[in-house]
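On a predicted model such as this, the values are computed, not experimentally measured, just so you know. In the text below, chain A, chain B and the rest are named by the order of the sequence lines, each starting its count at 1.
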Amino acid sequence: MQVNTQEIIISFTLNGEKVVKNVQPNWTLLDLLRKKLRVRSPKEGCLRGDCGACTVLLNGKPVNSCLVLAPKVDGATIVTVEGLKGDPVFEALKETFAEKGAVQCGFCTPGMILSAKYLLDRKKNPTQEEIEEAIEGNLCRCTGYIKIVEAIKEAAKKLI
Amino acid sequence: MKLIPPFTYYKPETIEEAISLLDEFKEAKVIAGGTDLIPLIRDGKYTPQKMVDISFIDELNFVREEGGYIKIGAATTHSDILNSKILNEKTNVLVQAVKNLGSPQIRNLGTIGGNLCNASPAADTAPPLLVLEAELLIQGSKGERRIPVKDFFLGPGKTILKRNEILREIHIPSEVGKMKGVFLKLGRREAHTLSIVCTAVLLKADTEFEDIRIALGAVAPIPIRAKETESYLRGKEVTEKKIDEGTEIVKKEVKPITDVRGTKEYRTEMSKVFVKRAINKALKGEVECK
Amino acid sequence: MTETREVTAERGPFFFKRELGKEEGEYKLVGREIERPDAFSKIMGLTKFTADRLTEDVCFGKIVRSKYPHALIKRVIVDEALQIKGVLAVITAKDVPGENQIGYAIPDQPLLADKKVRYIGEPIAIVVAENEYAAEKGVEAVKVEYDPLPAVFDPLEALKPEAPKVHEKGNVALTTIIRKGDVEKGFKEADVVVENIYYTQRQEHAYLEPEAAIAYPEGDGIRVVLCTQSPFLVREFVSRVTGYSQSKIKVIGAPAGGAFGGKDDMGPMVASKAALAAIITKKPVAIILDKEETFVASNKRHPAIIRYKSGATKDGKLTAVEIEIIYETGAYANRSPFVLWRATVHSAGPYVVPNAKVDGKSVYTNKVFSGSFRGFGDPQIHFAAEQQMDELAEKLGIDPVEFRLRNVLKEGTRTVCNQLLEESVGMEETLKKVAEAANWKKKREELKKYRKGSKVRGIGVACAYHGISTSRGVPDWSAAAVLLNEDGTITYRSTITRLGQGSLIGHAKIVAEILDIPLEWVHIEEPDTSASPNARPTHGSRGLMTGGTAAADAALKLRRTLIKLASELLNCDEKNVKLENGKAFCALDPSNKIEFSELAKETYQRGYQPAYYGFYFVPRRYFDPETGLGVAYCVYTYIANIVEVEVDKETGEVKVLEAYTGADVGKAIDPGLIEGQMQGALAQGIGYAISEEVAFNDGKIINPNYTDYIIPTVKDVPRKVKVVIIEKPYSSTAFGAKGVAEAALIPTAPAIANAVAHATGVRVRNLPLTKEKVCFKLKEGKK
């Protein structure tokens, strides 16, 4: 059992690289990434799990990093868009998001892409419903989602 | 909104360790997924001193069938419930509830135990467990106890859990799988939203209601069973008229409040509408699952 | 895609065709959808929003806010806060070196409340600390002693003589008026008259990125980086508050994670506080609001109460309107004068109305101030005007589209302000094309079949118009700078900001088109008041229209220089010099050519001017505030929405199944970006129509988060959305472009309300059409 009153040493894999870091228990994973590790693609939006701008993949699954305490990440694998270069699903999404005009202000985009990637990793040919379900936790105030859904559909086509 | 204040963090790997921490520190609070607790802390409604993170305890994370029960570890995430073969096949009313709970990101973090222990009147997993007549296995330092889920909630944010106890397992009797279950939810939008009213209905019916169980959330200080409606319908012929008459009773059984999500009048009206819809859907056998 | 007449003015499409020697079809960038150059950096998370620029040395400012809706401040005690480790300063009104005043139009709003607070959440002090935790503790430790006053939360209450006074002068911030023709006579001529009261709610912008500013003391001046819609306006306010001369203040406009008008109003307020904190502590200071603060203390869309009476003849011609408008401005006037005037001059909708009597009032209450929000007063008034149109049509037994077509503004007609519309009036064509796309006539009949059971369907239409840029006689201009570098690349500068809308991409396309070079050669610099010309604000849908025309002016000047130079180098008459694909050549002998990079080098070598300042002065308008008549805006964008809805009669749920949205945009510089704006506006309009409302309890906002302030998710927008772009070019601007971002939102809510009325026979005149409201309204029955 670890009993910690102050800092805790945790180690985890971030975008394929091993990270060992002293963390305060009250840091969130979002704090850790943005403020301590300078990984800026997860954005600080609502800080209560409502907007999805801080989405990262924790052990492969999308989560709101604003709701995850940093110590919980010990032993975990974290992926953000910074670590997806060369990943075929990500590359397809990157292309189609740009082509289809699915990016406006860009604040929701990295999180949106991670949710979409998680979907396309599991479903080769997702239905409209499955796409909607995959990104229902990522709010976008600019696009009306229409071009985002189109981009995800298009990426799925490209991957077949 | 507040910053998360400093606290001491404990990461037990067994239930015993967790219990002994709770025994030792009066001010300790259990955290699992954190999806409810972190916003509460940020709202200043709760200031943690010591946090016991139970999400690393393997023995709290499982779904399995044994001894006539489907057993779910309290720290099982909503996603794992959604993807559980056993639950999808045997009793998917719970799966239906979890499908529209929060967002994928929330479902990947949040746990069924957390949803129950947070004791929100609108907790979506409660009505299904109420109609399934699930039992909760509670672990304390002096041993364990089993209680029916209906006795678990005391009021908004309050349960019968003692400070040094944790919710360990949820036990769903296997035989209820033979009944048809439907969960329906009314929110203020299509996804990622809290219930204004939610309901779970479990029934066995052919030409008459052989058995029927109805539960509702967000319409009383705690999730409730609509017992009077159930007993009115039980044994009655399955007709539109009877269903309408029966579900009218629901309106008297609910005790909703008015808040930013809806007025008590609307919640009362919708309780009937949603129970009726759930019954009709169950009768038609239109049950969606993964 | 038609032009109705030859336009001879200076910059319209014909001018550009002639100047560039090309037909529109030959344009490589203008009119074509391109991939956004900033997409990859946003996807990769490399775009630096304000908070992404935080470094370890930056201190934090947090704001002490009023806990009372209306109270006198007796004392602010800061001693205890100053004892906290890490707290560097507590700044109150008395520490403001310049003017403690940030009222935009009327000087009624202090930066930090000194004598009195007027809404819950009003800033009273700034605690500056080395870290966020110390700043938060400091905020908790500041003691404010209040003397509570009676408060007023309802605008109608506020208008009563016995109401508590929010400001000494009384609760009416300002009034507006239109007197045109003879209203009494107009109603006498009418065969049908409809009169109703409409209510609209407070809407929050709900951009994902909270307001943020970082201020850095630099030499004897200060640099402020923030998400803003107007760097120069921020500079003006920072100067006013700090007492620094404008030349010592450098404001950088960082990309914004959404703005929608909110950051236009909030930018100066947040920046002034950060600058003040940095000057007083001599350290870099960041002020980053959290989401709850954004909800509690940022400006909102004005709630409105509109009494609307309109009349028409049996052959379907409007005869008169009589309108009373009350816009609740909350604690401070902020942009209200402009918002209310805009609503007033658009109050008749995009129709010819010979007789009009309009009275507007902007009313103070003890709630958070109202201000700029996409549409700027027009969504509220059109919600009323467009339901009136449907009711008149119904009474007359005329199809709603047909009824509108009989009254729409056309070239040669006059607006409610008596403004003669001379050109670029695409309302008729827009409505016709949208109706055609939606298959209106057939659908309107067909959907009557969906009247059984609990779910019914209907289809509704609404039109709108929206004047571009600032209103009435207020002078307006924009500016831009184009620098030709020695390697042939272009450095482009403007202070139109990056809100996600892509105006600057439009500018770059215009520059590249004019010089006929690849878009990648145009580098867009970050908006910076110390280096970029003052393009004026990114609001009023003016970013592309005015800023882009200034860009065109600069690019054309450079183009003329390059043609002259090439003529000299190629020994070819100027009129035969062509610029094409990054080369200059002689039309008589295309092999006689020179590369752009070579041309650039020679520009410097031969002493030609390599950089140009572009300027655009918006055509003069004239306006008489005594009658409300005159030329209110130089040009208008026209838009129509048709939506198909399904209404669940038992729950009151309104679901938008399909939407058709069309606009006359003048000239589409980038149809893809326009489509993006129109789809986004539709979603925001659906939120406004159905679920969004800032809720209060005794002046306190009780839904200050996305948990309870309900904006649309992907599942709340229609799957089928068709965008129709109509081009009626405007002769004053680059290629004929107008603006579209705001206009697109305006007709959505009334179109939905009209569709609900079609589906159910029940009219809801009170926004938003929440499930609960519609449910009870349906129970109440037809009224």
CA sep, side-chain torsions, deciding dist, call: A:E129, C:R719, salt bridge (charged side-chain N to carboxylate O under 4.0 Å, His left out):
CA-CA 10 Å; A:E129 286 78 10; C:R719 287 178 181 170; 3.3 Å; yes

Take A:E132 and C:K715 through the salt bridge (charged side-chain N to carboxylate O under 4.0 Å, His left out) test and state the conclusion after the steps.
CA-CA 6 Å; A:E132 288 175 2; C:K715 286 186 175 168; 5.9 Å; no

Test log, rule side-chain contact (heavy atoms from CB on, under 4.5 Å), inputs A:F90 and C:M44:
CA-CA 10 Å; A:F90 173 71; C:M44 294 307 299; 3.4 Å; yes

Let me see the working for A:K35 and C:E132 under side-chain contact (heavy atoms from CB on, under 4.5 Å), right down to the final yes or no.
CA-CA 12 Å; A:K35 294 176 185 162; C:E132 287 178 279; 3.0 Å; yes

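Note: A:R48 leads A:R48, A:K85, A:K100, A:E95 in heavy-atom pairs under 4.5 Å with chain C. Note: C:R36 leads C:M678, C:H205, C:E33, C:R36 in heavy-atom pairs under 4.5 Å with chain A. When the candidates A:R38, A:M112, A:Q128 are compared by the number of heavy-atom contacts under 4.5 Å with chain C, A:Q128 comes out ahead. For chain C, the option among A:C105, A:S41, A:G101 with the highest count of heavy-atom pairs below 4.5 Å is A:C105. Note: C:G676 leads C:A683, C:S41, C:G676 in heavy-atom pairs under 4.5 Å with chain A. When C:T707, C:L682, C:V717 are compared by the number of non-hydrogen pairs under 4.5 Å with chain A, C:T707 comes out ahead.
No donor-acceptor pair under 3.5 Å is formed between the side chain of A:R40 and the backbone N or O of C:K48. Counting only distance, with no hydrogens or angles, the side chain of A:Y145 and the backbone of C:P712 share a donor-acceptor pair below 3.5 Å. The backbone N or O of C:F40 sits nowhere less than 3.5 Å from a side-chain atom of A:K94 that would complete a donor-acceptor pair. Counting only distance, with no hydrogens or angles, the side chain of C:E209 and the backbone of A:F107 share no donor-acceptor pair below 3.5 Å.
Looking at heavy atoms from C-beta onward, A:V149 lies in side-chain contact with C:V714 at the 4.5 angstrom threshold.
For C:T47, the part lying under 4.5 angstrom from a heavy atom of chain A is the backbone only. With a threshold of 4.5 angstrom between heavy atoms, A:V39 does not approach chain C through any atom at all. Of the two parts of A:T109, only the side chain, counted from C-beta on, holds a non-hydrogen atom closer than 4.5 Å to a non-hydrogen atom of chain C. Within the 4.5 angstrom heavy-atom criterion, only side-chain atoms of A:K43, from C-beta onward, approach chain C. Looking at C:L499, only its backbone comes within 4.5 Å of chain A, counting heavy atoms on both sides. Contact of C:F260 with chain A is made through the side chain alone, with heavy-atom distances under 4.5 Å. Looking at C:E292, there are no atoms closer than 4.5 Å to chain A (heavy atoms on both sides), in backbone or side chain. Interface residue C:A51: backbone and side-chain heavy atoms are both found under 4.5 Å from chain A. Within the 4.5 angstrom heavy-atom criterion, no atom of C:P255 approaches chain A.
Residues C:I43 and A:P110 share a closest heavy-atom pair of O-CG, 3.9 Å. Considering every non-hydrogen atom in both C:F49 and A:G106, the closest pair reads CZ-C, 4.0 Å. When all heavy atoms of C:P210 and A:G45 are compared, the pair lying nearest together is CG-O, 3.9 Å.
In this structure, A:I113 CD1 and C:K42 NZ are separated by 13.0 Å, a value rounded to the nearest 0.5 Å. How far SG of A:C51 is from CG of C:N705: 11.5 Å, rounded to the nearest 0.5 Å. Considering CD of A:E44 and CG of C:D290, their distance stands at 9.0 Å, rounded to 0.5 Å. Here C:Q679 contributes atom CD and A:C142 contributes atom SG; the two are 12.5 Å apart, rounded to the nearest 0.5 Å. Atom CG of A:L139 and atom CD1 of C:I711 lie 4.5 Å apart (nearest 0.5 Å). The CD atom of A:E133 sits 11.0 Å away from the OG1 atom of C:T713 when rounded to the nearest 0.5 Å.
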